[in-house]
Structures are given as structure tokens and as C-alpha cells.
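Shown next, in C-alpha cells, is the structure this report addresses.
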Amino acid sequence: MDVKTTFLNGDLDEEINMEQPSGFVASSMEDKVCRLKKSLYAFKQAPKQWYEKFYKSILSFSFIVNGADPYVYSKMFGSDCVIISLYNNLGVRIFRCPAILEGYCNANLVTNNDEMISTSGYVFTLGGVVIWWKFAKQTCIARFMMESEFIALNLVG
């Protein structure tokens, strides 16, 4: 889901006043300003304020922050797992799935004499959804295909 009103839920740490919006000026109080209680989209601090509120709230429900990605949270419910993932435009993805983590890993052996290092790739899925992947050159030289695959498996570790 994409959260359309995300920044309207951030609490303000400081006092912010603004002019009354045109068309909504209170009669006989035209010289007054509005004191904001919540954040607005136009504020630079809106994403930070919202994230701080979200972070405190999600931890209060005993979710755990992912060590590799601070915008992924998880919680176990018996043999099930709930994963909440925030992404760049502050959309939210929520997954409820059996807690089955699958790791797919593969490597190639160098076939080009100019290139001395093999490449590895791996994908982690949870409940059939890709949650992490990486493709990179290995850090050491493998002489056999099986050796290259063991190096790849070690990277997944």
C-alpha cells in the first residue's frame, strides 16, 4: 500500500505558526495565525517527524528492526512472520507469510583469461517474495566450479 497521508501524522517537536490559508480565514480574526499541531507536506522535517513516530510505534508492538536494512521490521507470531518494509517514497509493504526463508545461490567459474575472479549471486525469499539479493565479484580466485560455489555459499552466510 502507498500511504497517501503519511506526513500528516508526524508530531512536531517545535512550535510552528502559519498564516491562515486563503479561503479559510476566520472572520474577525484576520490578524491571527494558526499554530500547527501536526506536520504538513511542505515542511523539510516532515519525513523525519513521521519516521520518528512510526519507529516508536512499531517498536512498541515488539517488531524487530532488520540489521541489514533499518526500514524493514519483522515480528514472529508462532510459525508465521509479519514483515513491514518502508521504501523510498515512504510507501509501505506488509507481508504475512509462513516463516520460511529460502536462499538461492549461484556462481560462475572464470572462462575469460583476462578475468581472474568469479562472480557470485544470491537471492533471499520469504514466503515467495524477494527480500534481499546481491550480485558481485568474489574476493578470491577459485580454480574449480565447486570451489566457486562454496565461496558463493560462504558469502550468503
Side-chain angles (χ1 to χ4, degrees), residues 1-108 115 117-140 151-157:
M1 72 177 166
D2 287 328
V3 180
K4 302 293 184 199
T5 58
T6 299
F7 296 151
L8 302 179
N9 293 304
D11 294 324
L12 297 173
D13 293 335
E14 61 217 77
E15 185 176 303
I16 296 179
N17 297 313
M18 65 176 258
E19 293 180 7
Q20 295 181 54
S22 60
F24 295 96
V25 177
S27 61
S28 75
M29 292 194 252
E30 292 83 4
D31 60 334
K32 302 286 183 181
V33 295
C34 298
R35 177 174 292 159
L36 298 179
K37 294 182 178 181
K38 296 285 185 180
S39 185
L40 292 176
Y41 281 99
F43 294 144
K44 292 185 296 189
Q45 64 269 46
K48 178 182 177 286
Q49 298 299 98
W50 179 85
Y51 179 73
E52 284 178 6
K53 185 173 185 178
F54 175 84
Y55 181 79
K56 289 175 187 173
S57 298
I58 202 73
L59 293 184
S60 74
F61 289 106
S62 303
F63 275 80
I64 298 169
V65 179
N66 181 298
D69 187 342
Y71 300 106
V72 176
Y73 305 85
S74 62
K75 182 175 180 179
M76 297 298 296
F77 294 92
S79 63
D80 288 339
C81 179
V82 172
I83 298 173
I84 297 176
S85 174
L86 304 178
Y87 48 98
N88 287 343
N89 62 1
L90 282 175
V92 177
R93 290 184 180 160
I94 301 174
F95 305 100
R96 183 183 178 275
C97 49
I100 300 172
L101 179 68
E102 299 171 319
Y104 298 95
C105 178
N106 203 352
N108 75 330
E115 182 114 6
I117 299 176
S118 301
T119 53
S120 297
Y122 58 85
V123 175
F124 285 111
T125 64
L126 184 61
V129 177
V130 173
I131 59 171
W132 190 257
W133 66 274
K134 184 173 184 179
F135 180 78
K137 293 197 176 289
Q138 294 182 352
T139 57
C140 57
I151 292 168
L153 285 171
N154 186 50
L155 292 175
V156 173

Any side-chain heavy-atom pair of Leu59 and Val65 under 4.5 Å: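 In short, these two side chains touch, coming nearer than 4.5 Å.
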Non-hydrogen side-chain atoms of Ser118 and Ile151 separated by less than 4.5 Å: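 Counting from C-beta outward, Ser118 and Ile151 never come under 4.5 Å.
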Interatomic spacing from OG in Ser74 to CD1 in Ile58 - rounded to 0.5 Å: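 So the OG of Ser74 and the CD1 of Ile58 are separated by 10.0 Å.
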Spatial distance of atom OH (Tyr73) from atom CD1 (Ile64) [nearest 0.5 Å]: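 The CD1 atom of Ile64 is 12.5 Å from OH of Tyr73, to the nearest 0.5 Å.
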Least distance between heavy atoms, Gln138 atom then Ile117 atom: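 Here Gln138 and Ile117 meet closest at O-CG2, 2.7 Å.
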Taking side-chain contact (heavy atoms from CB on, under 4.5 Å) as the definition, give me every residue that meets it alongside [X], ordered by chain and number, with sequence neighbours left out.
| X | value |
| --- | --- |
| Phe61 | Phe63 |
| Val25 | Gln20, Glu30 |
| Phe24 | Pro21 |

Whether over 12 other heavy atoms sit under 6.0 Å from Lys75 NZ: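 Check passes, neighbour count above 12.
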